[in-house]
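Presented below is the structure to which this report refers.
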Amino acid sequence: MSTNLPAKRTAGTEVAVVKNEDFVTMTIAEQVFGIPVLQVQDVLGPQRITRIPLAPPEVAGSLNLRGRIVTAIDVRLRLGLPLRDKDKPGMSIVVDHKGELYSLMVDSVGEVLSLTSDDFERQPATMDARWREVSTGIYRLRENLLVVLDVSRLLNFANTEAA
Amino acid sequence: MDDLLSEFLTETNENIAVLDVELVRLEQNPNDPSLLSNIFRLVHTIKGTCGFLGLPRLEAVAHASENVLGRFRDGELNVSPYAVTLILESLDAIKSILLVLEKTEAEPAGNDEDLINRLNALAEGREAPVAAAPVAAAPPPPPPPPEPVAPPPPAPVASASSVPAASTTREVAPVAEAAPPAPAPAPAAAQAPPPPPPSAGDGESSLANQTIRVNVDLLENLMTMVSELVLTRNQLLQILRSQKESEFAVPLQRLNHVTSELQEGVMKTRMQPIGNAWAKLPRLVRDLAHELHKKIDLQMLGAETELDRQVLELIKDPLTHMVRNSADHGLEMPADRAAKGKSETGRITLNAFHEGGHIIIEIADDGKGLAIEAIKRKILQNGLATEAELASMSDQQIQQFIFKAGFSTAAKVTSVSGRGVGMDVVKTNIEKIGGTIELKSIEGRGTTFTIKIPLTLAIVSALVVECGGERFAIPQISVIELVRAAQDSEHKIERINGTPVLRLRNRLLPLVSLERLLKLGDGDQYNRETFIVVAQVGNYTFGIIVDRVFDTEEIVVKPVAPILRHIELFSGNTILGDGSVIMILDPNGIASFSGEMAVHDTAAAAAETKQATRQDDRMALLLFRAGEGAPKAVPLSLVARLEDVDLNQVEASNGQPVVQYRGKLMPLVPIDPNWKVQRDKRQPVLVFADGDRSMGLVVDEIIDIVEDRLQVELGTERAGFMGSAIIADKATDVIDAGFYLTQAFRDWFGNATDRFEDERLHKVLLVDDSPFFRNLLTPLLTVSGYDVTAVQSADEALGLCESGENFDVIVSDIEMPGMSGLEFAQAVRGNSRWQNVPLVALSSHATPRDLDRGRQAGFTDYVAKFDRDALLFTLQQTISETKGAA
């Protein structure tokens, strides 16, 4: 999948001149992020999560979503942000990646936005390397900026598939 | 109809259907290497199978087209429409032969010389077809430069694609034999190059009824649903348990039963014994042996091991390839084998078994092994690596090159193998299903491939435990017992330099703190009440310290997410009856994580191969200090107990210090010759027990228990020492427990000889290549009243046999350089004078399959190394049995 990503992206920039894309928006530490709506399976409230010892710190644990085991990823840690306050309940976006479900833990999930490629831009070169790594670009919204997250790169932190 | 044949027909029909499509695609993309190699492989398979089934006509056609395809693949020939037409034509020829074959179970008479000649001509580059005239359908244009899109498709192509995919059904009931005699195409049809395209009616394989073909995804879904049902059932039962009287009780009970049966049924639809995939191997090997003029013995163990059918399908071809490779490349010619002192008959062993949630399949041959130099040459020749790179590689790394595409070390291309189809495909196929393949080869001694396939889908019974506030499941199969441990109870955890151990029925059980292993806490559990799950991996038993133990539950093992797969401690995860997710612990992983078993990094793996024969010397050693000099060590398994003796209670008897111990007098033997009994002190004592006698070895301090490979360098003259070894990175003296035993039991020894005076001493022949074990066991057995002769190799032992020696029992190591214990057993059982002498195998592996293997080779019994009591018991048992029989 990761191999055809670049192709997809170039296609996106060229073709999207005439096309809108829909994104599920979410906020983490006041920043708005977006994930292409087609990749999203579900949106969840707070869940009971089983910790997984020895897992990478970004892996918060696993949970049961209607009989399927979903691995929960704390996006805050993935982005190098501090942990969320214990008393604030978070939300999760469940995405499908190579047939496996992952639940991305974020602060809150917002509406679905349809964005035109006119507002799309590459990430600024000065952006945090970590953020650049997991995002594909930025949409200029009227009020603020939306960072588009790349799910496969977001989940590629353990380098387990290389082994 | 022959199962083999019917399977061949379905498989080949299916392959040809794929080929038809692929070839047309190839014509459009003549330069797609993956397409080419896939086509090549399919034709190769057809050819190979034909050869084994004794279908010369089919084989000849397939071989000729394979030749052409081989030239395409190597880039020596351009893919031209003419060539594709010709190959399609040969496929049609194959199809028509198959049709007759299906009806009559025999190849039609006739030959395909014309077709083959044209194929050969093409392969040799003489493209302008001399005898192409008889090609009825549109004589193809002279090979133009490959065009992206085929011009008006030549007729045969069209007819080929209009042929209904003869059989898309994999599942075939052999019942379908009584096929209504369809108008059989005249055998001559096969000769005429473009065969009449069979109409859909009679072209449809008549084998393809009786069973329904079900999409595997559908079964997969069904299985998932059943798993859900099982979980829901568990949940309901849990609720029911908390309610005393409920009108739901009866219907729930019924639901319970139905669910169980449904679950079993669905599981069954997917499971097949691996023997099904092996069924055609004996024939294959027999024919191969014939063709190659070799003598080959195929052994198949664990054929009943059940496997998910999807997995089975996927490993079938790789397995066949590998067996073929072993027979063709691995085993030597009988004359060469004889010259090397091996038996003329080469052996290929297939072995399948379950191990810790995996299925392991071993394919071993006792042939010439991989020739490192030949591989190196080939690597250089193919430009896969430079000489400098090779120089820095270990043998293990070099061997890995055989998994690269297009690699074959066979000097010449035979019709069997050697075209470079094989190991790369094998590896890809196995990795596709999440498996691994390992290779171990010793030049001159053979090659072993180990395929490890994860069990992705299974319902197992598991014990649920709690540790550090989290719950985990441990597969019930590796749990032996549960022990409650607390400071005030009979069982309490003791520590040797921080290493927790538990006394369990006069044995020391090494313990692993789950809390510490999983980094859930500081592992400070020893003072609380805890539970110990006694687990067994192979023949290594250890205890896992957990906080609480719950129930056992039926769980559906689900693989963990890919990003967690590197954590070796977990074999999967599952959802419990209450809906929560729980991780499943892998006892294998825990054992290896806690310092046991093999180390898995690549460097160590390379070292492992070199040490393959010696790695079994790894054992738990008790390290202690006594007297001057280096730390001392003794195999932990020889030590029955560790005691702390109050020196005030030491008495003297017959000039020797003794202590009252469990109602008996136990002699104390100090290692330090200058040791004196100091009053008002306590001192650690290692208790060696033998039957009802025990002896205390007085030491100064117990340091640690380590697991290490014991390589004793002999040469010490000091009495009581075996020599020195490097243990835990320190030079350590290994003590000769036997020496101290004789010191304590000198009187006993006298008594023992008295006791045996009326009957002659039983003579034991001990065969072990390790001087350490010979020196360890000889005194032990002597003390127990045996007359021991120790030799260091099987050859030496057989020499004794020839020179007329007699023994009551033979004890032999399994892993020995030169002739292995198994071969030795076969030799002894074969035709020597000793064929009735009981044989006891001694090995550090004592899993059931080792037992099986040993028994097959002719061993009477099997004893784990270091288990002295078991050895003595077995000897006694064996001797009395043979005497009873005599």
Side-chain angles (χ1 to χ4, degrees), chain A residues 1-4 41-42 44-75 77-78 92-105 133-134 150-163, chain B residues 217 220-221 223-232 235 431 434 436 466-473 514-521 555-570 572-586 589-590 593 600-602:
Chain A
M1 179 173 229
S2 56
T3 47
N4 46 27
Q41 300 262 325
D42 229 312
L44 305 173
Q47 297 281 322
R48 185 167 64 163
I49 291 179
T50 305
R51 276 199 291 162
I52 304 173
L54 307 180
E58 295 93 332
V59 176
S62 46
L63 53 99
N64 172 7
L65 177 67
R66 295 188 289 275
R68 284 195 68 179
I69 296 176
V70 179
T71 309
I73 309 288
D74 193 326
V75 183
L77 289 178
R78 181 70 184 115
S92 297
I93 293 184
V94 179
V95 293
D96 187 318
H97 177 56
K98 296 189 192 176
E100 293 279 335
L101 294 185
Y102 295 88
S103 146
L104 306 176
M105 295 165 63
E133 185 200 325
V134 299
D150 181 327
V151 170
S152 70
R153 281 194 262 166
L154 194 66
L155 295 172
N156 180 29
F157 53 88
N159 286 327
T160 43
E161 280 140 9
Chain B
D217 285 344
E220 188 85 38
N221 277 342
M223 189 64 222
T224 318
M225 295 316 290
V226 170
S227 305
E228 290 313 312
L229 184 61
V230 168
L231 295 178
T232 319
Q235 232 164 319
E431 281 174 354
T436 59
E466 186 185 279
C467 179
E470 300 287 333
R471 287 190 296 171
F472 300 95
L514 195 57
E515 194 173 283
R516 194 142 62 166
L517 204 58
L518 297 177
K519 303 201 171 70
L520 287 170
I555 56 169
V556 184
V557 181
K558 301 187 176 189
V560 293
I563 53 169
L564 300 173
R565 245 162 234 171
H566 63 286
I567 309 175
E568 286 179 8
L569 290 180
F570 302 124
N573 49 15
T574 193
I575 298 172
L576 286 184
D578 63 3
S580 57
V581 179
I582 183 171
M583 302 302 292
I584 304 167
L585 293 170
D586 178 5
I590 295 178
F593 217 78
H600 280 299
D601 65 275
T602 39

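Letters A, B, ... are given to chains in the order of the sequence lines, protein chains preceding strands, and every chain is numbered from 1.
- The CD1 atom of Ile52(A) lies 8.0 Å from the CD1 atom of Ile563(B); values are rounded to the nearest 0.5 Å.
- Among Leu54(A), Leu63(A), Ile49(A), Val70(A), the residue with the largest count of heavy-atom pairs under 4.5 Å with chain B is Leu54(A).
- Residues Ser62(A) and Met583(B) approach most closely at OG-SD, 4.4 Å, considering heavy atoms.
- In this structure the side chain of Pro56(A) reaches within 4.5 angstrom of the side chain of Leu564(B), judged on heavy atoms.
- Put simply, the side chain of Pro562(B) does not reach to within 4.5 Å of the side chain of Lys98(A), judged on heavy atoms.
- Taking CG from Asn64(A) and CG from Asn573(B), the interatomic distance works out to 10.5 Å, rounded to the nearest 0.5 Å.
- Interface remark: Thr71(A) contributes side-chain atoms only to the contact with chain B (heavy atom separation under 4.5 Å).
- In this structure, the portions of Leu518(B) lying under 4.5 Å from any heavy atom of chain A include both its backbone and its side chain.
- The closest side-chain heavy-atom distance from Ile575(B) to Ile69(A) is below 4.5 Å.
- When heavy atoms are compared at a cutoff of 4.5 Å, Arg48(A) approaches chain B solely by way of its side chain, counted from C-beta outward.
- Neither the backbone nor the side chain of Thr232(B) comes within contact range of chain A; no heavy atom of the residue lies under 4.5 Å from a heavy atom of that chain.
- The minimum heavy-atom distance between Phe570(B) and Pro53(A), with the atom names listed, is CE1-O, 3.4 Å.
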